[in-house]
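Input: a single structure, listed below in structure tokens.
Numbering of ligands and ligand atoms starts at 1, following listing order. Remember, it's a predicted structure, so these values are computed and weren't measured experimentally.
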Amino acid sequence: MKKKKKTTASTLVGKIAPEVLSFTAGKDALLDHVLIEPDCIGTAAHVTMLAEVSDVLSRVEVGKIIGELVSIMRRSRSGKFKIALRDQDVHLAVEKALSKALGATGRKVHTARSRNDQVALDLRLYAREEILCAITEATTLVDVLLAFARKNAAVPMVGRTHMQPAMPSSVGVWASAHAESLIDDLSLLRGAYTYCGKSPLGSAAGYGVPMPVDRERTARLLGFDAAHWNVLAAANSRGKTESVVLSAMEQVMLSLSRLAEDLVVYCAPEFGYFVLPPGYCTGSSIMPQKANPDVPELVRARASSVAACCVAVNGVVAGLPGGYSRDLQETKEPFLNGVSITRSCLGVLGSLVAGLHVDKEALRAGFTPGVFAADAALRLVAKGVPFRDAYRQVKADPPGTAGVSPDQVVASRRVPGGPCDPDIGAMRDASKEASRFARRERKRYHNSVSRLLGVRYPDLA
Ligand code: ARG
């Protein structure tokens, strides 16, 4: 007799038609792999608190659960813990593994929580670590740009508006301008980090539970500043959190795309101001002479990708009612993508700029006589001529540039934040402070998790 085709798949939370399961789970079985550690850490905090406030779990049971959670984390790191479509998502996969290993003890862990607060928590824990990494990577790029600016502080570079030659400037100004833009973005990343500072754990499905769960306690165990006051606000923070983090990332990417575009243009042979480091250009399959700036081109394009991720998240969140809706699952992929794209762009540009070669002659050759016109007008002003008259005079009769050296002009322009004085010291301090902040916060989190798990985190030794 022919075997009947299975019409339902058994899951931890009921039977479901396979085609429906693959539709509703979407890409969770794949995407949720990055949430395995946050999920285990959140579960450890939850069971620790449960044992403190109730008789649901004993201390011995909590010890066993945490031991198993650590084992899941280790297995996941060596590729041996996989989330299957049948599991639906990381939360059910971890719960299933705990139940399999510990029987009734494992089947108790979901007391007084919901996947809604679990996923909101996991994503926050993930976001907090990623933001700190992004801050560190951004400060590394800032430091590289500042070192480049210092080394080339007085190297003349035409300042441009409308891409046309405009005023004398320097490589120092160019590089440290990009650094300052990123320093300004650091405050947005830090704002996003602060935004992620409240723990949603214990809000359960979004309405709390009739048990004395201690949300402040789990928040502290996980290194958060506090728990959400309102259980529904905790649930509603899903999606908004992702949007806030991506908005900060989007601004970082806007800064990077400007830097990338400058690199594409100024490395083109017609300018030749800079030469990309070997290994950062790609050849052409047909034109032997080519060394293409694919890396900055892709950074430029990926700024739009991150903006699109932000739009995708906002599109889901806008118009949602209060309380959990499955729509929120759709924010996961653009969120994870946007964060990972931003971090990889920060990383690649850091090493690219570190190896950037400066062609001083090409930079000097870019100085057309017009670049000195505004300076000439201002020299007349110094002699008492009203500016508008000086402007007209220079326009009608441009002074010759014989004997004018871009190097001298740049060297004599000692205005704060201008060529030769791009106020690198203050920027370096700002970068150091941000990098210290990220290190301190990461350490604080790792210490909290180490205490919670009873093994050193993140090494799990
Ligand atoms: N995978 C789900 C998500 O990302 C987890 C939460 C499921 N909650 C529910 N009520 N169906 O949103």
side-chain hydrogen bond (donor to acceptor under 3.5 Å, both in side chains) between Arg113 and Thr43, worked out: CA-CA 10 Å; Arg113 73 171 186 189; Thr43 300; 3.0 Å; yes
Atom 8 (N) of ligand 1: the protein heavy-atom neighbour that sits closest, reported with distance to 0.1 Å: Asn116 OD1, 2.9 Å
Aromatic ring pairing Tyr266/Tyr273, orientation class (parallel under 30°, perpendicular over 60°, tilted between): parallel
Atom 6 (C) of ligand 1: the protein heavy-atom neighbour that sits closest, reported with distance to 0.1 Å: Tyr324 OH, 3.5 Å
Side-chain donor-acceptor pair present, Ser71, Arg75, cut-off under 3.5 Å: yes
Separation of Ile41 CD1 from Glu129 CD (nearest 0.5 Å): 7.0 Å
Ligand 1 N/O within reach of Asp28 N/O, cut-off under 3.5 Å: yes
Under 3.5 Å: N/O of His91 near N/O of ligand 1: no
Axial cation check for Phe224 ring with Arg128, 6.0 Å and 45° limits: yes
Proximal ligand 1 atoms for Arg238, defined as those under 4.0 Å from one of its heavy atoms: 3 (C), 4 (O), 12 (O)
Region of Gln88 that comes within reach of ligand 1 [heavy atoms, distance under 4.0 Å]: neither
Heavy-atom nearest neighbour in the protein, as seen from atom 2 (C) of ligand 1, with distance rounded to 0.1 Å: Gln329 OE1, 3.3 Å
